[in-house]
Chemist: 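Below: one structure in structure tokens.
When a residue number appears, it is its place in the shown sequence, counting from 1. Please read all numbers here as calculations on a predicted model, not as lab measurements.
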Amino acid sequence: MSVPARVSLATLGVADVVRATEFYESLGWRLSPASVPGVVSFFHTAGGLLSLVSADDIATDAGLPPRSPAADFRGTMLAINVESPAAVDEALRTVVRAGATLVKAGGTAEWGGYLGYFTDPDGHLWEITYNPAWPLDDAGIPRLP
């Protein structure tokens, strides 16, 4: 048996599902009616779904000990590809106004693109990037060579 090469759902463990949901809604992200208020929130994206669940609930379900504080870097990053350097800067301004923390302002990358980083209110690292070698399809998903 092979495992399909796809990401259907990315789940972020959060301290407060309601607060985290309000943050992503303030970005204009569409909340699915399949969500259960205060328990799990599902957001539609151009790719798979993003869900928000209590970090403690995830740890319990997986049989893992609770994580240390949210400020710890998890070694994981999510990315949003956009159509231009100006769109990177605008998106970074938007997330900061919504309560995110700017980690790195938009700037030119050594590989020729343009990117910046932020963390959401629970410390999850996000990159907003423009890659001129990866044009976006109609759904906003990069077309890789």
Side-chain angles (χ1 to χ4, degrees), residues 3-59 61-62 64 66-145:
V3 177
R6 66 173 164 252
V7 176
S8 306
L9 176 72
T11 299
L12 300 179
V14 299
D16 181 332
V17 174
V18 172
R19 178 184 53 91
T21 300
E22 289 171 353
F23 170 76
Y24 286 97
E25 284 183 308
S26 76
L27 301 181
W29 292 27
R30 189 167 53 101
L31 185 65
S32 167
S35 302
V36 178
V39 177
V40 61
S41 295
F42 297 104
F43 287 92
H44 297 278
T45 74
L49 295 170
L50 176 72
S51 69
L52 307 173
V53 178
S54 163
D56 290 342
D57 289 350
I58 293 171
D61 191 50
L64 297 171
R67 287 200 48 91
S68 54
D72 291 346
F73 176 60
R74 296 166 174 85
T76 303
M77 175 189 74
L78 300 169
I80 301 168
N81 284 63
V82 295
E83 63 279 356
S84 68
V88 170
D89 291 334
E90 179 57 31
L92 289 169
R93 284 190 293 273
T94 298
V95 298
V96 168
R97 281 193 302 267
T101 300
L102 184 65
V103 173
K104 181 178 179 182
T108 303
E110 61 186 52
W111 46 265
Y114 189 88
L115 57 85
Y117 293 92
F118 72 92
T119 54
D120 72 7
D122 285 279
H124 298 103
L125 183 64
W126 286 84
E127 173 190 62
I128 301 179
T129 185
Y130 163 68
N131 186 335
W134 295 357
L136 303 180
D137 67 15
D138 292 338
I141 298 172
R143 290 188 306 247
L144 293 143

Chemist: Residues in side chain to side chain donor-acceptor pair (under 3.5 Å) with Thr11, at least two apart?
Modeler: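 Thr11: side chain to side chain donor-acceptor pair (under 3.5 Å) contacts with Ser51.
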Chemist: Identify the heavy atoms of Ala139 and Ala46 that sit nearest to each other, and give their distance.
Modeler: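 Shortest heavy-atom contact: O-CB, 2.7 Å.
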Chemist: Would you indicate whether the side-chain heavy atoms of Asp57 and Asp61 approach each other to under 4.5 Å?
Modeler: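 Side chain of Asp61 against side chain of Asp57, heavy atoms only: no contact under 4.5 Å found.
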Chemist: According to the interplanar angle, ranging from 0 to 90°, do the rings of Phe43 and Trp29 count as parallel (below 30°), tilted (30 to 60°) or perpendicular (above 60°)?
Modeler: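 The arrangement is perpendicular - the two ring planes meet at more than 60°.
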Chemist: Is it the case that the side chain of Asp122 and the backbone of His124 share a donor-acceptor pair, with hydrogens and angles ignored and the cut-off at 3.5 Å?
Modeler: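 Such a contact is absent between Asp122 side chain and His124 backbone.
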Chemist: If you take all heavy atoms of Leu136 and Glu83, which pair is closest and at what distance?
Modeler: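 Of all heavy-atom pairs spanning Leu136 and Glu83, the closest is CD1-N, 3.8 Å.
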Chemist: Any non-hydrogen side-chain atom of Leu12 less than 4.5 Å from a side-chain atom of Asp120?
Modeler: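 Yes, at least one pair of side-chain atoms sits under 4.5 Å.
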Chemist: Kindly compute the distance separating OG1 (Thr45) from CG (Leu50), expressed to the nearest 0.5 Å.
Modeler: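 If I round to the nearest 0.5 Å, the distance is 7.0 Å.
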Chemist: Return the CG to CZ distance between Leu31 and Phe42, rounded to the nearest 0.5 Å.
Modeler: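 That separation rounds to 10.0 Å.
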Chemist: Taking the side chain as everything from C-beta on, heavy atoms only, tell me whether Leu78 gets closer than 4.5 Å to Glu127.
Modeler: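 No, every pair of side-chain atoms sits at 4.5 Å or beyond.
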Chemist: Applying side chain to side chain contact (heavy atoms under 4.5 Å, CB included), can you list everything that pairs with Ala91, at least two apart in sequence or on another chain?
Modeler: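 With neighbours one apart ignored, the set is Ile128.
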Chemist: To check you understand the geometry: which heavy-atom pair defines the closest contact between Ala20 and Val14, and what is its length?
Modeler: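 Shortest heavy-atom contact: CB-CG1, 3.8 Å.
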Chemist: What's the spacing between Ser41 OG and Leu49 CG if we round to 0.5 Å?
Modeler: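 The distance works out to 12.0 Å.
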Chemist: Between atom CD1 of Ile80 and atom CG of Leu115, what is the distance when rounded to the nearest 0.5 Å?
Modeler: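 Here the interatomic distance stands at 12.5 Å.
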Chemist: How close do Val40 and Val53 get, counting heavy atoms only, and between which atoms?
Modeler: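 Of all heavy-atom pairs spanning Val40 and Val53, the closest is CG2-CG2, 3.5 Å.
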Chemist: Minimum heavy-atom separation for Gly13 and Ile58, please, with both atom names.
Modeler: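 What the structure gives for the nearest pair is CA-CD1, 3.6 Å.
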Chemist: Heavy-atom distance under 4.5 Å between the side chains of Val96 and Phe118, does that happen here?
Modeler: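 In short, these two side chains do not touch, never coming nearer than 4.5 Å.
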Chemist: What's the separation between atom CZ in Arg97 and atom CG in Leu27, rounded to the nearest 0.5 Å?
Modeler: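 The CG atom of Leu27 is 10.5 Å from CZ of Arg97, to the nearest 0.5 Å.
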Chemist: Check this for me: does any side-chain nitrogen of one of Glu90 and Arg93 sit under 4.0 Å from a carboxylate oxygen of the other?
Modeler: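 Yes.
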Chemist: What donor-acceptor contacts under 3.5 angstrom involve side-chain atoms of residues 98-113, with partners at least two apart or in another chain?
Modeler:
none

Chemist: Taking atom CZ of Arg30 as the centre, does the number of heavy atoms from other residues, nucleotides or ligands within less than 6.0 Å exceed 12?
Modeler: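 Not more than 12 within 6.0 Å, no.
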